[in-house]
Structure formats: structure tokens, C-alpha cells
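Below is one structure, written out as C-alpha cells; the observations come after it.
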Amino acid sequence: MLILIKNADIYAPEPGGTCDILLGGGKILRMEADIRIPRKYCEVIDARNLKAVPGFIDGHVHIMGGGGEGGFANRTPDLPLTDAIQGGVTTVVGCLGTDGYTRNMAGLLAKAKGLEEEGISTFAYSGSYGVPLRTLMPTLEEDLLFIDKIIGAGEVALSDHRSSQPTFEAFAQLVAMARRGGMLSGKAGIVNVHLGDGPRGLDFLRRIIAETELSATQMWPTHINRNPHLFEEGITYAKAGGFVDFTTSTLPSYLEEGEIPCAKALRRMLEAGVDPGHITFTSDGQGSLPDWDRHGRLQDIQVGRVTSLFPAVRQAVQEEGIPLETALRVITANPARILKLKAKGRLAPGMDADLVLLDPHNLEVRTVIAKGRLLMKSGKLMAKGTFQ
Ligand code: ZN
């Protein structure tokens with residue numbers, strides 16, 4: 001069935017004026033003024049006064065659950081499809097975190113394939129916090145070459161008490177394997193790097209750029225907004241050509257302790273002169289958000305949500321005065337380019353039919369289409385997960 005969206009205000013993410021969008025076969029077929037198709041061949045969506053934007057890409061989600069850092073009882077649940085839909089997220093990249101043992105690559109890929117069947121696009125990273133990586137095939141290069149959904153490695157933990165304390169050489173070898181596998185498979189081969197609160201910060205990433213032949217574009221460090229020190233370091237790193245990713249799932253106590261809200265972090269990076277193409281947001285959805293007291297005792301534990309992704313972008317527009325087209329890039333065109341997802345992140349003929357319609361006044365997500373299928377229409381869910 002074709003879908004014809006009439007009179008949408010296009011943000012591709014750059015502003016494109018008003019036009020109609022014809023979707024079919026999972027692709028954007030045409031974007032033109034006044035497309036006419038007999039009604040019996042298509043579902044027509046009246047988008048007058050609505051903003052059409054690319055479906056959101058969430059490049060760091062614990063789709064099969066994470067956590068477990070306080071014992072078995074705080075392992076977090078897996079991603080419900082409806083969270084992605086309600087968050088306007090049409091593409092997720094799944095990852096494993098601290099626990100690469102009770103969670104493994106087989107389970108991660110199975111969950112990714114399940115979400116794909118349920119209606120959204122999914123990819124995954126090989127490995128978890130630890131180095132050496134636990135891959136599915138014998139090597140990371142073979143995972144990238146022979147498993148379609150694998151597009152990189154991670155989340156590899158550095159500067160954190162939960163990391164495997166890899167040597168610089170071990171980390172450099174990992175980035176090299178990602179580079180080689182990425183080249184051979186035509187994929188990004190990116191290393192998604194978890195940064196903790198440790199004082200070494202981005203040291204290993206800077207050394208990769210300074211001491212090896214590998215480039216900054218092979219690494220995508222995340223949680224850069226987690227404390228003021230790492231954030232300042234991130235500004236310098238990004239100005240020198242690195243990518244920086246901010247995490248949208250948070251707790252009030254994290255912000256009280258110095259975490260920089262993503263909207264503010266985006267404004268401050270732009271004011272500091274960072275290339276807007278080098279900044280991204282991800283949700284860390286389904287990861288655990290533990291709240292420890294100063295004696296290291298667990299006070300509370302919450303779960304990260306993919307529904308936190310777009311609200312951080314909205315906040316950047318509404319509270320920090322960032323133009324919608326600039327703010328949108330951090331969850332659309334930028335991650336698509338960094339992850340080499342060539343059919344994602346933009347509205348244009350030939351791209352995948354992943355699209356969100358926003359209310360122009362409050363920027364609420366109204367309608368969500370993924371791979372050409374209506375998953376939410378005018379605020380009403382049209383699909384749900386198999387067991388929801
Ligand atoms: Zn992490």
C-alpha cells in the first residue's frame with residue numbers, strides 16, 4: 001500500500017518548504033508539490049501544519065536489557081517496541097554493556113532481528129564493556145564481514161571502574177580490527193566507546209589519533225555530558241575533529257551532581273565552535289540508571305528510555321534557542337553519516353520511508369512511519385510488540 005502525505009512542512013533535516021511525500025515499497029518514492037494518486041491506491045495523511053522530519057536514529061540502546069551491576073535482581077528488561085514508536089525512533093543500534101556474560105551476542109542479534117520483524121530498523125555492535133571483545137565469529141573483522149546487522153564494536157568501556165582496564169595497545173588493536181573489518185565490509189566499523197568518570201577521560205582516544213595511523217572518525221565516544229570535566233575535554237576533542245555523543249537518559253540526582261543536560265551541552269558545544277556535524281545524542285535506553293549514595297550504597301535504580309531521545313532535542317529548540325534543523329541533526333543526519341547508514345537520517349527520494357510528523361506548536365510526536373508502515377497515527381499507536 002502506498003502512503004501519500006499531503007502538505008507537510010519539510011525538515012529533511014534542513015528546511016525544505018511545503019510538499020507532498022509519496023511512500024511505497026519501504027522507500028520515499030517522490031517529494032513534490034501536489035502529488036495526485038487515486039485514493040484507492042494509497043492511504044492519504046493530511047499533514048497540513050505538521051513538520052515532517054526523518055525518523056530518529058538511536059545509536060546506543062541496550063535492546064536486550066543491561067544492568068546487573070547490583071546483582072541479578074537489577075538486570076534491566078529488554079526494549080518494548082512501543083517505546084521506540086512513541087519516541088519516534090525508527091532505527092536503533094543495540095549494544096551490550098557491563099554484562100557480556102548473561103547477555104551475549106547471540107541474544108543481542110536475536111532481539112535485533114525480533115525488533116526488525118516487529119517494524120523498526122535495527123543494527124548492533126559486537127562485544128560489550130570488556131577487551132578483548134567477545135564476538136560471535138572468531139574475530140571482529142569476521143563479525144563485520146559476515147553478519148549484516150553488525151556495524152561496529154562496543155560499547156567498550158574506558159576510564160571507568162567497570163572497564164576491563166585494557167592497555168593502550170589492546171585498545172589500539174581493537175580500533176584497528178574495527179577499521180579493517182569496516183573497510184572490507186563497506187560498513188562504519190566504528191568503535192562505540194563508553195567513558196566513565198575516571199580522570200584519564202579521553203586520553204586513549206587522543207593517543208590513537210596522535211600515535212597511530214588510525215583516525216578520529218573510527219571512534220564514537222559516548223556519555224561525554226556525564227560530568228563537567230569530561231564535557232570540557234570533549235569540547236577540545238571535538239574541535240580537533242572527534243565525534244562526541246551525549247546521553248539523554250538521566251536522573252535528577254545525576255544532574256545535581258554535575259551532569260550537563262543534553263540540550264545545554266549541545267548549545268555550549270556549538271557556542272564553542274564545534275562542527276555541528278560532530279555532535280550526536282543517544283538514549284542509552286534500557287541501560288540501568290543506578291543512584292548510589294556517597295558510601296556506594298544503591299539508593300534507587302531506574303531504566304534508561306529511548307523516549308528520552310527526542311525530548312532532549314525538543315528542549316534544545318524550546319529552551320536553548322537552537323534552530324530545529326540544527327538540533328534534529330544530532331539524532332538523524334549525523335548518526336546516519338557516522339554509522340554509514342546510507343538510506344537513513346534524511347528525507348529524500350530513494351531513502352528509507354522512516355518519518356515522523358511533529359506538532360508545529362509543541363513539537364510533540366504525532367505520527368511515526370518506519371520502513372513505509374504506519375506505527376503511530378495522530379498520537380494513536382498502530383502497532384505493538386508481539387507480547388505487548
Ligand atoms: Zn555506557
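More than 12 heavy atoms of other residues, nucleotides or ligands sit less than 6.0 Å from atom CZ of R337.
Taking all atoms of both residues into account, the shortest heavy-atom contact from A52 to A8 is CB-CB, 3.7 Å. Considering every non-hydrogen atom in both L375 and A370, the closest pair reads CD1-CB, 3.6 Å. Scanning both residues, S163 and P166, for their nearest heavy atoms gives OG-CD, 4.1 Å. The two residues L347 and D354 come nearest to each other via the heavy atoms CD2-O, 4.0 Å. Taking both residues in full, the closest heavy atoms of V368 and G88 are given as CG2-CA, 4.0 Å, listed atom of the first, atom of the second, then distance. L2 and L22 make their closest contact through CB-CD1, 4.2 Å (heavy atoms, listed as atom of the first residue, atom of the second, distance).
Using modelled atom types, one finds no donor on one side chain facing an acceptor on the other under 3.5 Å when comparing D284 with T247. Checking N334 against T280 by side-chain atom types alone, no donor-acceptor pair falls below 3.5 Å. Between S121 and K371, the side chains place no donor N or O within less than 3.5 Å of an acceptor N or O (distance only, hydrogens not considered). Looking at S308 and S249, their side chains do bring a donor and an acceptor atom within 3.5 Å of each other. For the residue pair T76 / Q286, no side-chain donor-acceptor distance below 3.5 Å is found, with atom types taken as modelled. Side chains of T222 and E155: no donor on one and acceptor on the other come within 3.5 Å. Between the side chains of S128 and R103, no donor-acceptor pair of N or O atoms lies under 3.5 Å.
Side-chain atoms of T332 and F56, non-hydrogen and from C-beta on, do get closer than 4.5 Å to each other. Counting only heavy atoms from C-beta outward, the side chains of L136 and S126 never approach each other to under 4.5 Å. In this structure, the side chains of D9 and P360 stay at 4.5 Å or more apart for every pair of heavy atoms. The shortest side-chain heavy-atom distance between V365 and L358 falls under the 4.5 Å cut-off. By the 4.5 Å heavy-atom criterion applied to side chains, L266 and E320 are not counted as neighbours. Within the 4.5 Å cutoff, the side chain of W220 has no heavy atoms near those of the H60 side chain. The side-chain heavy atoms of D203 and S159, taken from C-beta on, include no pair separated by under 4.5 Å. Residues I151 and I190 have side chains not in contact (no heavy-atom distance under 4.5 Å, counting atoms from C-beta outward).
When the options R226, H161, H223 are evaluated for a side-chain hydrogen bond (donor to acceptor under 3.5 Å, both in side chains) with D197, the one that passes is R226. Considering D143, V191, L174, T139 in turn, L174 is the only one that fulfils the side-chain contact (heavy atoms from CB on, under 4.5 Å) rule with L133.
Under 4.0 Å is where a charged nitrogen must lie from a carboxylate oxygen, and between R179 and E213 no such pair does. Between R314 and E364, at least one side-chain nitrogen of the basic residue sits less than 4.0 Å from a carboxylate oxygen of the acidic one, meeting the salt-bridge criterion. Ionic pairing of K6 and D34 is present here: one or more N-O contacts between side-chain nitrogen and carboxylate oxygen are shorter than 4.0 angstrom. Between K264 and E271, none of the side-chain N atoms (NZ, or NE/NH1/NH2) sits under 4.0 Å from a carboxylate O, so this pair counts as no salt bridge. Ion pair R206/E233 flagged as a salt bridge, since at least one NZ, NE, NH1 or NH2 atom sits closer than 4.0 Å to an Asp/Glu carboxylate oxygen. The pair E232-R268 counts as a salt bridge, with a side-chain nitrogen and a carboxylate oxygen less than 4.0 angstrom apart. Under 4.0 Å is where a charged nitrogen must lie from a carboxylate oxygen, and between D352 and K344 at least one such pair does.
Between atom CZ of residue F146 and atom CG of residue L184 there is a gap of 9.0 Å, rounded to the nearest 0.5 Å. One distance of note links OH of Y254 with CG of N225; it measures 12.0 Å at 0.5 Å rounding. Note that CE of M105 and CD1 of I147 are 6.5 Å apart. Values are rounded to the nearest 0.5 Å. Between atom CD1 of residue I301 and atom CG of residue N74 there is a gap of 3.5 Å, rounded to the nearest 0.5 Å. We find the CG-CD1 distance between L214 and I209 to be 10.0 Å, quoted to the nearest 0.5 Å. Residue I279 holds its CD1 atom at 10.5 Å from CG of D245, rounded to the nearest 0.5 Å.
By the rule that hydrophobic residues join a cluster once side-chain heavy atoms approach within less than 4.5 Å of another member, I322 and F231 end up as members of one cluster. Placement of I5 and V44 in two distinct hydrophobic clusters is found when ILVMFWY residues are connected by side-chain heavy-atom separations under 4.5 Å, directly or transitively. Linking ILVMFWY residues whenever their side-chain heavy atoms come closer than 4.5 Å, directly or via other members, places M269 and L324 in the same cluster. In the hydrophobic cluster analysis, where Ile, Leu, Val, Met, Phe, Trp and Tyr join through side-chain heavy atoms closer than 4.5 angstrom, L79 is grouped together with L81. Under the 4.5 Å side-chain heavy-atom criterion for ILVMFWY residues, no single connected hydrophobic cluster contains both V89 and L355.
With R75 contributing its side chain and G67 its backbone, the two residues share no donor-acceptor pair below 3.5 Å. A distance-only check finds a donor-acceptor pair linking the side chain of K187 to the backbone of L144 [under 3.5 Å]. For K111 (side chain) and G65 (main-chain N/O), no donor-acceptor pair under 3.5 Å exists by modelled atom type. The backbone N or O of G130 sits nowhere less than 3.5 Å from a side-chain atom of S164 that would complete a donor-acceptor pair. Side-chain atoms of Q218 come within 3.5 Å of backbone atoms of A188 as a donor-acceptor pair (strictly under, hydrogens ignored). Distance alone, capped at 3.5 Å, is enough to place a donor-acceptor pair between the S215 side chain and the T217 backbone. The closest donor-acceptor contact from the side chain of D58 to the backbone of T282 lies at 3.5 Å or more, if one exists at all.
In this structure, F281 and F246 have tilted ring planes: the angle between them lies in the 30° to 60° band. Classified by interplanar angle (parallel below 30°, tilted 30° to 60°, perpendicular above 60°), the ring pair H194/Y129 is tilted.
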- Task: Before giving the answer on side-chain contact (heavy atoms from CB on, under 4.5 Å), spell out for L289 and T250 the whole-Å C-alpha distance, their side-chain angles and the decisive distance to 0.1 Å.
- Result: CA-CA 7 Å; L289 301 172; T250 189; 6.0 Å; no
- Run the numbers on R346 and E14 for salt bridge (Lys or Arg N to Asp or Glu O under 4.0 Å), then give the verdict. CA-CA 9 Å; R346 307 194 68 80; E14 63 282 354; 2.6 Å; yes
- Do L374 and I45 pass the side-chain contact (heavy atoms from CB on, under 4.5 Å) test, and can you show the C-alpha distance, the side-chain angles, and the key distance before you say yes or no? CA-CA 10 Å; L374 256 174; I45 295 173; 4.0 Å; yes
- Message: Evaluate F204 against V156 for side-chain contact (heavy atoms from CB on, under 4.5 Å), listing each step before the verdict.
- Response: CA-CA 12 Å; F204 275 13; V156 170; over 6 Å; no
- Stepwise, does the side-chain contact (heavy atoms from CB on, under 4.5 Å) test hold for F171 with V193? CA-CA 10 Å; F171 179 67; V193 185; 4.0 Å; yes
